[in-house]
Amino acid sequence: MKQALLEAQKAGDRGEVPVGAVVVCKDRVIARAHNLTETLTDVTAHAEMQAITAAASTLGGKYLNECTLYVTVEPCVMCAGAIAWAQTGRLVFGAEDEKRGYQRYAPHALHPKTVVVKGVLGDECAALMKNFFAGKRR
């Protein structure tokens, strides 16, 4: 999760919403990404989507069933769908997103075999988001 937080910071430094993601497979980081929606002018360029694409490319296949996706903020419904389609083995996220997170709108969106771990470095992940948006409101 610390690596995902570093990615989130990179996003924030670029003026992107500070969300970072890392994919680990067999104890090896195979992909790292952060939000690029502003940079690419693409609403689908979320950190998770970027990380899933990079991981699949690294593995040479579309399924991430032996992988763990670490993400600083609870995925949205779109990302939860991609996580499900990739059959991601494990999802670990930091801060919950009560407004836009998948748990609110589609709590069953993930693949049934995906193991979910919530709240890892949650305070640090939430603080990064709160600080980013507080800076935008000034």
Side-chain angles (χ1 to χ4, degrees):
M1 186 59 78
K2 289 182 180 179
Q3 293 294 313
L5 272 166
L6 291 173
E7 287 297 318
Q9 188 60 57
K10 288 180 191 176
D13 292 346
R14 296 178 73 148
E16 299 277 358
V17 174
V19 178
V22 173
V23 178
V24 174
C25 190
K26 299 178 182 173
D27 296 322
R28 190 173 131 243
V29 174
I30 62 167
R32 55 184 77 238
H34 53 269
N35 272 2
L36 291 171
T37 58
E38 300 299 327
T39 302
L40 300 177
T41 58
D42 178 356
V43 296
T44 68
H46 290 194
E48 302 95 319
M49 303 294 275
Q50 301 297 311
I52 289 167
T53 299
S57 178
T58 297
L59 293 175
K62 61 186 179 179
Y63 297 118
L64 306 180
N65 54 320
E66 294 183 13
C67 300
T68 299
L69 170 63
Y70 293 88
V71 62
T72 56
V73 177
E74 176 186 345
C76 69
V77 173
M78 173 186 68
C79 292
I83 292 164
W85 285 112
Q87 297 181 17
T88 306
R90 193 163 160 240
L91 167 65
V92 178
F93 66 86
E96 293 195 33
D97 185 347
E98 295 174 9
K99 290 182 181 177
R100 297 178 186 256
Y102 80 91
Q103 294 178 106
R104 176 179 178 161
Y105 295 104
H108 304 290
L110 298 176
H111 191 278
K113 292 183 180 178
T114 300
V115 174
V116 179
V117 179
K118 308 173 191 177
V120 175
L121 298 180
D123 291 342
E124 293 90 331
C125 295
L128 195 58
M129 293 290 282
K130 287 176 186 169
N131 293 338
F132 175 81
F133 286 110
K136 290 282 188 192
R137 287 189 283 274
R138 287 186 207 151

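If you're wondering where the values come from, they're calculated on a predicted model, not measured in any experiment.
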Show me the donor-acceptor pairs within less than 3.5 Å that the side chains of residues 46-57 make with the rest of the protein, sequence neighbours left out.
unit_1, atom_1, unit_2, atom_2, d
H46, NE2, V43, O, 3.2
T53, OG1, M49, O, 3.0

Value rounded to 0.5 Å, distance of OG1 in T41 from CG in L36
11.0 Å
Heavy-atom side-chain contact between Y70 and R90 under 4.5 Å
yes
With hydrophobic residues grouped by side-chain heavy-atom distances under 4.5 Å, do V24 and L110 end up in a single group?
no
Are W85 and F93 connected, step by step, through hydrophobic side chains (Ile, Leu, Val, Met, Phe, Trp, Tyr) whose heavy atoms are closer than 4.5 Å?
no
Not counting sequence neighbours, which residues clear side chain to side chain contact (heavy atoms under 4.5 Å, CB included) with V120? List them please.
M1, V92, V117
Among L91, V116, V71, L64, which one satisfies side-chain contact (heavy atoms from CB on, under 4.5 Å) with I83?
L91
Could you tell me whether a side-chain N or O of T114 sits under 3.5 Å from a main-chain N or O of T88, the two making a donor and an acceptor?
yes
Is E38 close to V17 at the side-chain level, that is, under 4.5 Å between some pair of heavy atoms?
no
Quick one: side chains of residues 94-102, donor-acceptor pairs under 3.5 Å with protein atoms, not counting sequence neighbours, listed by atom name and distance.
unit_1, atom_1, unit_2, atom_2, d
E96, OE1, Q103, NE2, 3.3
D97, OD1, K99, N, 3.2
D97, OD1, R100, N, 3.0

Sequence neighbours excluded - salt bridge (charged side-chain N to carboxylate O under 4.0 Å, His left out) pairs with any residue from residues 1-20
E7-K10
Hey, any chance V73 and V22 share a hydrophobic cluster, counting ILVMFWY side chains that come within less than 4.5 Å of each other, even indirectly?
no
Pair listing, salt bridge (charged side-chain N to carboxylate O under 4.0 Å, His left out) test, anchored in residues 109-122, at least two apart:
none
Just by distance, do the side chain of T58 and the backbone of I30 share a donor-acceptor pair under 3.5 Å?
yes
So C67 and L59, do their side chains get closer than 4.5 Å, heavy atoms only?
yes
Filter on salt bridge (charged side-chain N to carboxylate O under 4.0 Å, His left out), then keep only pairs touching residues 21-37, sequence neighbours left out; what's left?
K26-E66
Side chains of L5 and C125, heavy atoms from C-beta outward: is any pair under 4.5 Å?
yes
